Structures are given as structure tokens and as C-alpha cells.
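Source: prediction; values computed, not measured.
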Amino acid sequence: MSSAHKDTDAYQHASGGWGSIKAVAGALMQEGAPVGTSRVLVHQNKPDGFMCVSCSWAKPAHPHPFEFCESGAKATAWDTTSRRVDADFFKAHTLAELEQWHDHALEDAGRLCAPMRWDSALDQYVEVTWEHAFGEIGRELRALQPDEAVFYTSGRASLETAYMYQLFARMYGTNNLPDSSNMCHESTSVGLKEAIGVGVGTITLDDFKHTDLMFFFGQNVGTNSPRMLHDLQEARERGVPIITFNPIREPGLVSFVNPQSPTQMLKPGATQISTQYHQLKAGGDSAAIVGICKAVIEADDHAQATGAARIVDAAFIAQHTSGFDEFADYVRSARWDELEHLCGLSRAALTAAADEYMRAKAVIIHYGMGLTQHRLGVQNVRMVVNLLLLRGNIGKPGAGPSPIRGHSNVQGQRTVGITEKPELAPLDKLAEQYHFEPPRTQGMATVDACKGVINGKVRAVFQLGGNLVRSVPDRYIIEPAWRKLRLTVNIATKLNRSHLVHGEVSYLLPCLSRIEIDERMGRPQAVSMEDSTGCMHGSRGVAQPASDRLLSEQAIVAGIAKATLDSQWVDWDAWSNDYALIRDAIAETYPDIFHDFNARMWTPGGFHRPLAARERQWKTKSGKAEFMVPATLDEDPDMPARQPDDLRLFTLRSDSQFNTTIYTLDDRFRGVRGSRMVLLMNARDIARRGLEADAEVSLEAVSPDGMERRIDGLRIIAFDLPEGCVAGYYPECNPLIPLSHHAKESKVPAAKAIPVKVVAALRPA
Ligand SMILES: Nc1nc2c(c(=O)[nH]1)N[C@H]1C(S)=C(S)[C@@H](COP(=O)(O)OP(=O)(O)OC[C@H]3O[C@@H](n4cnc5c(=O)[nH]c(N)nc54)[C@H](O)[C@@H]3O)O[C@H]1N2
Ligand SMILES: Nc1nc2c(c(=O)[nH]1)N[C@H]1C(S)=C(S)[C@@H](COP(=O)(O)OP(=O)(O)OC[C@H]3O[C@@H](n4cnc5c(=O)[nH]c(N)nc54)[C@H](O)[C@@H]3O)O[C@H]1N2
Ligand SMILES: [Mo]
């Protein structure tokens with residue numbers, strides 16, 4: 001692997017702009033994308049086109065002429081590449097050899113073309129027929145106890161596929177349906193459900209027109225949901241302030257030039273995005289929000305004492321909430337010096353944010369992985385709700401919590417039954433609709449599934465998308481355990497590490513990307529998905545399929561289900577030949593959300609699912625929106641005697657990756673080039689340890705179980721982040737996260753606060 005370039009000046013330009021156009025053109029060329037790709041892009045996120053395979057941000061009813069961003073264009077180029085990983089490719093490379101390749105090179109080799117089975121004598125993937133693959137997988141599954149198999153979903157599969165997949169797993173006999181949300185926004189699904197009765201955000205695109213203040217906690221909009229920058233820019237042009245809490249100054253949250261607006265591209269000066277930017281310590285969010293609430297409650301106490309108008313929305317609190325008095329007492333007694341110490345921000349900074357909050361009538365709080373991927377991730381989400389509830393900022397125009405989801409249909413998959421929690425699936429309805437007795441016991445979430453692989457209880461892992469051996473914690477423990485599995489089945493578009501680290505019987509089943517034309521029995525098919533704002537959209541592929549041996553995900557799931565189950569109550573063939581029939585079935589299971597699904601899916605701008613909390617109906621235990629008193633503000637109270645030089649590592653995505661898919665080794669916005677094996681560190685922390693920028697160091701996890709977890713060869717980069725925090729890249733740093741280091745209630749791995757120390761500094765290269 002090449003070493004880090006010295007050129008690590010932080011990005012001096014606004015996000016978007018000419019840099020963005022250059023990056024898109026570069027991505028198209030690098031992938032040898034056919035000329036048609038630029039034509040394909042015109043259909044991206046359009047009511048009659050396909051929904052982008054990158055992020056899940058909302059798609060407007062009146063799209064821009066080019067309704068895509070730099071990240072989305074890269075994702076499209078990645079899928080429409082002219083390179084192919086076909087039977088000849090596998091004849092030329094054993095898996096032992098491919099294991100030496102960099103992750104980037106594996107995916108960059110091109111699109112998978114035909115169904116493959118691992119041949120142990122050759123140590124190669126060898127082409128087989130689809131019938132052969134389905135037949136053997138079915139026999140293998142029938143030989144296992146259902147709970148020995150795990151059916152993972154990464155968040156890209158459509159609503160139709162996800163519905164079929166969960167039904168198949170349950171008819172087979174298990175609720176082992178973990179998904180990427182288990183590593184992502186599960187803290188939201190748990191926290192918002194407890195607090196306001198729905199496990200998803202409550203805002204829609206329309207709320208941007210009515211808001212008069214927005215917060216951003218731990219979400220990197222410029223890279224991970226860039227189309228949203230248009231909505232932010234419009235709000236900023238109306239004078240709406242944006243207050244950001246993030247340990248790093250992310251260019252997309254600082255300023256933006258719209259690369260699709262010719263007039264803006266020619267004008268000097270970009271739109272300022274954040275009007276206040278608070279570089280808090282990683283893991284300091286609960287403390288920071290409590291500080292803001294404290295300033296609000298102090299102002300309200302003062303107002304009451306002087307007979308001035310109340311600061312909190314007393315009528316809303318009385319009518320709609322429970323637990324206010326306990327929470328108010330808690331924040332009154334919280335000490336400013338402790339809050340300042342925990343979040344690394346001054347009382348003056350927190351009060352400045354509170355002052356803005358108290359002036360605003362309608363407030364949206366956007367948040368992402370910086371909030372959810374913590375041991376206190378669920379509590380962080382509850383603190384967001386506390387802050388909103390103080391001034392009635394849920395269930396009115398322009399206000400509400402806005403968890404910005406990751407994968408393009410991760411929210412939707414949960415809506416149609418992908419969940420390991422039986423209480424969240426409509427089991428009685430499924431039983432009635434399909435005449436079977438669904439399993440009622442708790443299934444495995446992603447970290448439970450990993451534990452099961454390690455302790456041998458899990459014998460088979462299916463991955464409908466995803467790259468688990470890379471995306472989960474504790475890679476060095478996971479990989480050897482994965483190799484002991486009996487069966488691994490990967491339904492995928494491109495080759496990744498999880499296809500090389502495989503079980504005794506292993507299949508690699510290539511599927512169509514949803515950018516591609518999907519014809520069944522001569523008729524073009526369409527699929528659907530749910531965006532971050534609870535809105536459903538149809539999607540129709542426009543590009544030629546990468547190979548004529550590909551099947552759609554629906555057809556693959558149907559093939560496996562048919563070969564595994566004997567049930568006359570589901571016509572898998574009919575479903576896989578006409579997806580409208582799957583949508584009719586979904587509508588029957590979930591009439592409130594999906595009635596008239598086939599007709600409504602093409603509504604420009606999509607159709608919204610009903611959300612009780614938007615109407616101020618609270619489906620919670622108390623029937624009210626619930627304030628929560630935090631249990632602790634210290635993320636790692638149980639860590640063994642923390643040393644003063646321990647650091648807190650948070651893992652980042654670059655602008656040139658999609659999760660474990662690495663497009664290039666650069667991170668343009670953060671000025672890091674040529675290598676991802678770097679450690680971003682505060683200059684004072686570097687000096688205090690007698691280190692120098694550019695030195696190579698190792699990083700060791702401070703783990704409660706005493707096991708050694710370490711990565712070598714990280715090059716230090718002096719970076720503007722708070723003392724005591726360091727940053728590195730996901731997934732390279734995943735070996736440092738203990739599997740047990742996760743949010744208690746949601747089991748989301750705490751990838752944004754990993755206790756570490758720097759060891760073994762070598763001489764600068
Ligand atoms: N181009 C592109 N788009 C993507 C993805 C991708 O990899 N590439 N991934 C998709 C997926 S699955 C997801 S979940 C989303 C992820 O999108 P995000 O939610 O933006 O996730 P991250 O990039 O992991 O980190 C978010 C931010 O959290 C900050 N942060 C770290 N620790 C803390 C903390 O303790 N507190 C606060 N307040 N901030 C903190 C980091 O500096 C970073 O700016 O993006 C989706 N979209
Ligand atoms: N340290 C650390 N770890 C993290 C995170 C972090 O921030 N830090 N983030 C976590 C988060 S938020 C997430 S969502 C997970 C993601 O974890 P995963 O879901 O395991 O990984 P992805 O990288 O999204 O999956 C990429 C693979 O999906 C396949 N694929 C792509 N498109 C399709 C398609 O259309 N259909 C099918 N069937 N397959 C397809 C390709 O083969 C590709 O290689 O990682 C988590 N892990
Ligand atoms: Mo995610």
C-alpha cells in the first residue's frame with residue numbers, strides 16, 4: 001500500500017463547486033464508465049427514474065435538472081463500470097491470492113457476472129448454474145436448525161426484496177434478521193420509539209420552508225447526504241441559522257457552492273452553512289445538550305421569578321409530555337464545570353447555542369453517527385428529544401428530530417419486517433396471510449450474530465449486500481471464526497473481503513444493481529424504497545445489465561426460498577416475475593402505510609407513511625412524549641482505571657468511500673491523500689507524547705477484557721480536533737473496537753468513542 005502523502009493541508013474551499021465537478025468527471029473516467037453513464041445520471045432521483053444507490057436523503061417532487069451529488073455520481077459510476085469479474089477472472093486468481101489484494105482493488109476489479117461456488121480443491125470460485133446454487137443452499141439450510149442461520153441485510157435492498165427476505169427467514173423458522181441499521185441508527189429506532197412512540201424522524205422536506213433554526217449533531221452532510229446541501233442553502237438564504245456540534249470542522253458544514261448553479265459557480269463566495277460551530281469532544285453530546293437545556297431552564301426560572309413570559313412551552317409540556325419536573329430538577333443541579341469538562345466546550349458557547357434556540361419558534365435537529373455510535377447512543381437521542389420538547393418542537397411545521405439515515409433503503413427495510421425483534425414484526429398478520437406459525441423468540445442483532453459465529457452457535461450466514469467481516473468490530477477475532485462456518489451465501493454486486501473469508505460451503509450470487517433495467521418475462525419491473533423522511537418512492541432501472549447471467553435480488557431470494565421451503569401459500573415464482581404482486585402483498589400486511597401501493601408509488605415526491613408523533617399522538621408507555629433523566633454523562637464509567645494519556649478514537653468516512661467500498665485512498669475535504677492508514681491528532685497531544693507529525697505509530701485499544709487489540713503503521717497527521725480525541729478511518733480501525741463495546745440498549749457498536757492509547761512510536765519515515 002502506498003504511504004501517506006505529506007500533502008495534508010486542510011481543504012480550503014467550500015464543498016461542492018468546481019472540485020465536485022472534477023471529482024465526478026474523475027470517477028466516471030476511472031471506472032471506464034460507458035458514455036451512457038452521463039445519460040444515466042440524468043435519471044437519478046427523478047420521479048420516473050431510479051433512486052440513487054448512495055444515501056437516503058429525501059427526493060423532491062420538483063427535482064433539479066441534475067438531482068444528484070458528487071457522492072451519488074461516484075456510486076453510479078461504481079455500479080455502471082465497464083470492468084467485469086467473470087469466470088475467467090476467478091480462474092486466474094485463487095482466493096489465497098485475492099486475500100492479498102487491497103479492499104479497493106477487490107471492488108475495483110468490476111461487477112460480478114455469474115453465480116459462483118467455492119471449490120476447495122482449486123481454492124477458486126467456479127461458475128455454477130442458478131438451479132445448482134439454489135438446490136444446494138436449500139439442502140444445506142434444511143440440514144440446520146433454523147436459529148443456526150443468520151440472514152443479514154445491508155440497507156440497499158428494495159422494499160420488495162426486504163419483504164420477501166424476512167418472510168422467507170420467518171417461514172424457515174428464525175427471527176435472525178440483523179441488518180446494517182444494527183450498526184447505524186438502531187439507537188434512533190430504540191430512543192425515538194421510547195420517547196415519542198415512533199422509531200424514525202418526523203420531519204419532511206416541506207419543514208425546511210418553515211423552520212427558523214437547525215442543529216447538526218455528528219452528521220457530515222457534505223460527504224454523506226450532499227443533496228441536502230441544497231435544502232440547507234435555501235434555508236440559509238432565508239436567514240435561518242445553523243448550529244453545528246462536531247469535533248472536526250467539516251467543509252460541507254462550513255460553506256457550500258452549488259455546483260449545479262452556473263450563476264453561483266461564477267460568483268465568488270460561498271454560502272456559509274453553520275452560523276455557530278462547536279468543536280466538542282467526541283462523546284460529549286449528552287453533556288453539551290444538558291448544558292443547552294440548563295441555560296433554557298435557568299432563563300425560564302428567571303422569567304417565572306420576574307413574571308416575564310415563559311421560555312419553555314408550558315402548555316405543550318403540560319398537555320403532551322411526562323417527566324418534565326424530574327428533568328428540569330436534574331439540569332438545575334448539573335454543574336457547569338462538569339458539563340464543560342465532559343464536552344470540552346465553555347458555558348459561554350453552550351449559552352450562545354441556547355440563546356439562539358430560545359429565539360426560534362420552529363427548530364429541527366439533524367443528527368447522524370456522531371450521536372448514535374456511542375455507548376450512550378440511545379441516551380444521546382433521548383437528549384435531542386428533551387431539547388426539542390422544552391419548546392414544543394415536535395409535531396408542528398418546521399420542527400422535529402431528523403435522524404439522517406445511511407443506506408438508501410435502510411429505513412424502509414425495517415418498515416417491511418426486517419428486524420430481529422419479534423415485537424416489531426406483524427407476526428399475527430403474517431401467520432394469517434401465509435398460513436404458518438412464525439417464530440416468536442428474539443432473533444440476533446448484528447453483534448449477537450457475530451458472537452454466535454465466534455462461539456459456534458451460528459453455522460450459516462447470508463448477506464444480502466454488505467461486507468460484515470469488514471464492517472463489524474473485532475476483525476481479528478471475527479475473521480478466523482467466519483472461516484469455521486458451514487455455509488456462507490453472499491448476494492452482491494461487487495467482490496469484497498467477506499466473499500474471501502468464507503465457510504465450508506460458499507456461494508457468491510451476483511445481482512442486478514437497481515440502476516439496471518430489470519426485465520422479467522419480457523416486462524420491465526420497478527422497485528420502491530423509503531427515504532430518511534418516511535417517504536416512499538418508485539425506482540426503475542435505466543442502464544443495461546452488467547451481464548446476462550445476473551438475476552434480480554427478488555429472483556434470487558425466491559429461488560432460495562422455493563428450494564428450502566414447502567409451502568403452497570406463497571407463489572415465489574409469481575412474485576419474482578411480477579413485483580407488483582409483492583407490493584400487493586405488502587399492502588395487505590401493512591394497509592395503513594401501503595394501501596394502493598402500486599398506484600401511489602409513482603406520486604412525484606413520493607408518498608408519506610403516517611407518523612403519529614407528527615400529529616402529536618404519542619404511542620409511548622405513558623401515552624405522552626417522555627423526557628428522560630440521563631443515567632450518566634460519562635461514556636465509559638466502567639473502563640479499567642483510565643490513564644491520563646488515554647485517548648478517544650472516533651472512526652470516519654472519507655469523501656471517497658461508501659462504507660466498506662473504497663473509491664480512492666484520498667479524503668479531499670480533509671486534505672488527506674494517498675493513504676487511509678493515518679491518525680488525526682491534536683498538535684498538543686502529539687507534542688505531549690514526544691511524537692512528531694508524520695511519525696508512524698501503533699494504536700492499542702484500552703479494553704475491559706484485557707485482550708490485546710492493536711493496529712500498526714498509522715501515520716500521524718496534526719489536525720484541528722479537540723485534545724484527548726483522535727480520529728482514524730472506518731473500516732481500517734475496526735480491529736480496535738471490542739465487540740462488547742456498544743450501546744447498551746441498541747447494541748450499536750460505539751465506533752465514535754473507542755478508548756485507545758498510542759504505543760511504539762517508530763522514527764519518522
Ligand atoms: N458518500 C457516502 N455517503 C454515505 C456513506 C458513505 O460511506 N459515503 N454512508 C452511508 C451510511 S450507511 C451512513 S450511516 C451515513 C453516515 O453519515 P454520518 O452520520 O455523517 O456518519 P460519519 O461519516 O461516520 O460521521 C459523522 C460525523 O460525526 C462526527 N463525530 C464523530 N464523533 C462525534 C461525537 O462524539 N459527537 C459529535 N457531535 N460528532 C461526532 C464526525 O466528525 C463526522 O463528521 O452516510 C450514508 N451516506
Ligand atoms: N468503525 C466503524 N464501523 C462501522 C461504521 C462506522 O462509522 N465506523 N458504520 C457502520 C454503518 S453506519 C453501517 S451502515 C455498516 C455497513 O456495513 P455493511 O452493510 O456490511 O457494508 P457495506 O459496505 O455497505 O456493503 C458493501 C457491499 O454491498 C454489496 N452491494 C452493493 N450494492 C448492492 C446491491 O444493490 N445489492 C446487493 N445485494 N449487494 C450490494 C457490494 O458487494 C459491496 O461490497 O458499517 C458499520 N460499521
Ligand atoms: Mo449506516
Side-chain angles (χ1 to χ4, degrees), residues 15-17 20-21 24 38-73 75-76 201-212 214 221-222 225-240 242 252 256-265 267 271 273 362 364 366 397-400 402 404-405 408-409 411-412 514-515 526-542 596-611 614:
S15 62
S20 196
I21 289 185
V24 169
S38 41
R39 271 204 299 279
V40 168
L41 282 168
V42 174
H43 297 280
Q44 193 148 323
N45 297 319
K46 294 291 175 56
D48 59 339
F50 69 95
M51 294 299 131
C52 181
V53 295
S54 190
C55 82
S56 59
W57 185 240
K59 284 88 186 167
H62 305 290
H64 302 84
F66 304 103
E67 187 61 38
F68 61 86
C69 66
E70 176 181 335
S71 301
T76 299
T202 65
I203 69 147
T204 68
L205 270 185
D206 204 47
D207 287 312
F208 278 81
K209 298 196 191 95
H210 304 287
T211 189
D212 50 16
M214 293 189 260
V221 58
S225 50
R227 284 182 301 106
M228 185 182 181
L229 285 168
H230 298 295
D231 305 305
L232 297 181
Q233 192 181 30
E234 279 164 29
R236 286 291 301 122
E237 280 162 5
R238 287 198 294 115
V240 175
I242 296 180
F256 173 58
V257 175
N258 185 346
Q260 301 185 356
S261 157
T263 47
Q264 270 204 27
M265 291 286 290
K267 269 193 304 198
T271 306
I273 296 291
I364 294 175
H366 304 288
S402 166
I404 300 173
R405 295 277 167 163
S408 49
N409 192 36
Q411 184 164 317
R514 73 164 171 271
I515 300 172
V527 293
S528 57
M529 47 227 55
E530 174 177 345
D531 69 29
S532 252
T533 64
C535 193
M536 315 294 165
H537 305 265
S539 174
R540 208 190 295 282
V542 296
D596 305 311
F597 193 2
N598 278 302
R600 291 197 298 156
M601 69 189 278
W602 299 111
T603 314
F607 69 87
H608 282 279
R609 59 190 268 190
L611 283 175
R614 270 182 76 77

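- Across V53 and S408, no two heavy atoms sit closer than the pair O-OG, 3.9 Å.
- Proximity of H230 to F208: side-chain heavy atoms (C-beta onward) are nowhere separated by under 4.5 Å.
- Annotation: side chain of R227 is in contact with side chain of C55 (closest heavy-atom distance under 4.5 Å).
- For the pair H608 and D206, the minimum side-chain heavy-atom distance is 4.5 Å or more.
- Side-chain atoms of H366 and V221, non-hydrogen and from C-beta on, never get closer than 4.5 Å to each other.
- Considering CD1 of I242 and CE of M214, their distance stands at 4.5 Å, rounded to 0.5 Å.
- Residues T76 and F50 meet the side-chain proximity criterion, which asks for heavy atoms closer than 4.5 Å.
- Rounding to the nearest 0.5 Å places CG of L205 at 7.5 Å from SG of C535.
- Interatomic distance, R514 CZ to C52 SG, rounded to the nearest 0.5 Å: 7.5 Å.
- Side-chain atoms of R405 never come within 3.5 Å of backbone atoms of S532 as a donor-acceptor pair (strictly under, hydrogens ignored).
- Taking every heavy atom of both residues into account, S225 and I404 meet most closely at OG-CG2, 3.9 Å.
- The minimum heavy-atom distance linking G605 with H537 is given by the pair O-CE1, 3.4 Å.
- Remark: Q411 CD to M536 CE distance equals 7.5 Å, nearest 0.5 Å.
- At least one side-chain heavy atom of F597 sits under 4.5 Å from a side-chain heavy atom of S528.
- Proximity of E70 to P226: side-chain heavy atoms (C-beta onward) are nowhere separated by under 4.5 Å.
- Here the straight-line distance linking atom OG of S402 with atom CE of M228 works out to 5.0 Å at 0.5 Å rounding.
- Under the 3.5 Å distance criterion, the side-chain polar atoms of R238 are matched with a main-chain donor or acceptor of T211.
- A donor-acceptor pair is defined here as one N or O able to donate and one able to accept, closer than 3.5 Å; no such pair exists between the side chain of R236 and the backbone of T271.
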Quick one, D531 with T533, criterion side-chain hydrogen bond (donor to acceptor under 3.5 Å, both in side chains). Give me CA distance, side-chain angles, the key distance, then yes/no. CA-CA 5 Å; D531 69 29; T533 64; 2.7 Å; yes

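- Rounding to the nearest 0.5 Å gives a distance of 4.5 Å between CZ of R600 and CZ of F607.
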